There are 2 protein chains.
Amino acid sequence: MADAITPHSALAHEVLAAVLQVREGSLRVLLWERAREPHAHRWSLPGGRLGADEDVESSILRQLAEKVDVRQVSHVEQLAVFSAPDRVPGPRVLATAFLCLVPSHLDPELPPDTAWHAIDALPRTAFDHGAIVLRARNRLRAKMSYTNIGFALAPPEFTISALRELYSAALGYRVSATNLQRVLARRGLLEPTGHTTKPGRSGGRPAAQFRFAETAMVVTDPFAVLRPPSTGRTG
Amino acid sequence: MADAITPHSALAHEVLAAVLQVREGSLRVLLWERAREPHAHRWSLPGGRLGADEDVESSILRQLAEKVDVRQVSHVEQLAVFSAPDRVPGPRVLATAFLCLVPSHLDPELPPDTAWHAIDALPRTAFDHGAIVLRARNRLRAKMSYTNIGFALAPPEFTISALRELYSAALGYRVSATNLQRVLARRGLLEPTGHTTKPGRSGGRPAAQFRFAETAMVVTDPFAVLRPPSTGRTG
DNA sequence: TCAAAAGTGTTTCCACTACACCCATGA
DNA sequence: TCATGGGTGTAGTGGAAACACTTTTGA
């Protein structure tokens, strides 16, 4: 059974980032257009080879800073290893993929061959990068429900309706501003800053500004069900 | 900034499995005692080098089958890549770690240097394997709440109280049999088999047997909160 | 005074917990 | 008939959704 298996003593390893941001009501990802074959003119995720003295997380942060000038990443987490032997043509390369988030108010300066693309309308992607983007989107959507990860997409200060747009774009369905406010407030995630915004020309009550109380990801709903007993024993 | 980074053209990659099982009320993991340095006599996770023509998941399943005769793994999922440059002494090796589950009724034949250990009382572990085991346990506990992953720990047929023991061991706190039954029933995860067990010598009502309706992992509670609107629009 | 946008009060619903109670068996 | 373990009925609680209503502004 094992006779056909020849262990690789060594093989290449790259790191890839699905950098997500919300802008103008849609969730978008940072892609880079390949100039050369293979897969010339297809769009691929930023990243590159793992360095000798860095772990995968340091590596992806370094490469983002170097290659696409994204230094203000507000959240980074590993997605998975992509390891199909034929995932890229030529010598085998494993990839560790990351989900990275950038707050919606930032506009990092991008190299000319790099651009944001709406996740709902991806261009032709290279290799397995399309699948990685979908994994990233799904991970983000899941975590929007049971963590405070929204902080990583939001600007430092925001109104509830701005936050509603942001959550709606990330989740892919319309969120109620009323209920969003209460859900986050119940969990103690929101702090009023005391500031308000001027209403638009059409009038309306000025909106209060808020900030997120935490600036690191925290699981806010560890037990959807099967909570530990509050007191005494059960059953 | 990048001048100090010398990309590895190639480096070694291993796969490691945290194989978990519930037995006698405790969650345990399969470990293998290292005979040789480095870290001789410490306990390590089963696994080995990635083969040339396999992806990481095929690799871990192959290695489990070959090395520790665990062929009846009911669930496999990637945990993470462990990539600290000094995670093992000597030439650098990246590791992709897996969570694997074995149903509680199975007793795979083990090589002499391999044994189960309660996760709450781990022996001295090698390299970063202790951290990997904890990650596996945490992942399992989280998924017990919002997926049907219990199916992978349970025998094909079980009573509710047996299932209660199993969930309690996996979660680390006492679960109510009454509520466990209802939570799983509400989600349509349980099917009565029609069989009953004989009561013990001390009497008692015979217990009905159940099975899990699904034998693959399914997310049963995608939205702890912020559910999509059932009908009409919101806000 | 009206329209628009923000924010609050309140109702309804439902899932989960907790616990009392009933059921079926062995001795 | 009693002890024992299995199983069900049901009240209470709390979080979330939905929606009506109030507040605050510009025109």
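Here is how names work: the chains are called A, B, and so on, in the same order as the sequence lines, proteins then strands, and each is numbered from 1. Quick caveat, the model's predicted, so the values are computed rather than measured.
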Participant: Starting from P on dA15(C), measure out to CG on Asp221(A) and report it in whole angstrom.
Facilitator: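 Taking atom P of dA15(C) as the reference, CG of Asp221(A) is at 17 Å.
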Participant: Quick one about Glu54(A) and Ser59(A) (side-chain donor to acceptor, distance below 3.5 Å, no hydrogens or angles considered), yes or no?
Facilitator: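 Indeed, the side chains of Ser59(A) and Glu54(A) share at least one donor-acceptor pair under 3.5 Å.
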Participant: Looking at dA16(D), dT8(D), dT23(D), which one has an atom nearest to any side-chain atom of Gln181(B)?
Facilitator: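 For Gln181(B), the side-chain atoms sit closest to dT8(D).
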Participant: Hey, do the aromatic rings of His129(B) and Trp43(B) have their centres closer than 6.0 Å?
Facilitator: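 No, too far apart.
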Participant: To the side chain of Ile160(B), which of dA16(D), dG7(C), dG7(D) is closest?
Facilitator: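 Of the options given, the side chain of Ile160(B) lies nearest dG7(D).
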Participant: dA20(C) C1' sits how many Å from Asn179(B) CG, rounded?
Facilitator: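 Rounding to the nearest Å, CG of Asn179(B) and C1' of dA20(C) are 14 Å apart.
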Participant: For dG26(D) and Ser202(A) - does any side-chain N or O of the residue sit under 4.0 Å from the phosphate oxygens OP1/OP2?
Facilitator: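 For Ser202(A), the contact criterion (side-chain N or O under 4.0 Å from OP1 or OP2 of dG26(D)) is not met.
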Participant: Please determine if Glu157(B) and Arg211(B) form a salt bridge, counting it only when a charged side-chain N lies under 4.0 Å from a carboxylate O.
Facilitator: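 Looking at Arg211(B) together with Glu157(B), the answer is no, because their closest N to O distance does not fall below 4.0 Å.
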Participant: Do Arg182(A) side-chain and dG9(C) base share a donor-acceptor contact under 3.5 Å?
Facilitator: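 Answer is yes: a donor-acceptor pair is held.
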Participant: So what does Thr159(B) touch, heavy atoms closer than 4.0 Å: a base, only the sugar-phosphate, or nothing?
Facilitator: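 Here Thr159(B) touches no strand at all.
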Participant: Looking at dT25(D), dG26(C), dG7(D), which one has an atom nearest to any side-chain atom of Pro199(B)?
Facilitator: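 Per side-chain heavy atoms of Pro199(B), the pick is dG26(C).
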Participant: In residues 184-193 of chain A, which residues come under 4.0 Å of DNA chain D by heavy atom?
Facilitator: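 Arg186(A), Arg187(A) - these, ordered by number, are the residues of the stretch whose heavy atoms sit under 4.0 Å from the strand.
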Participant: Determine whether the side chains of Ser161(B) and Glu165(B) contain a donor N or O and an acceptor N or O closer than 3.5 Å.
Facilitator: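 Side chains of Ser161(B) and Glu165(B): no pair found under 3.5 Å.
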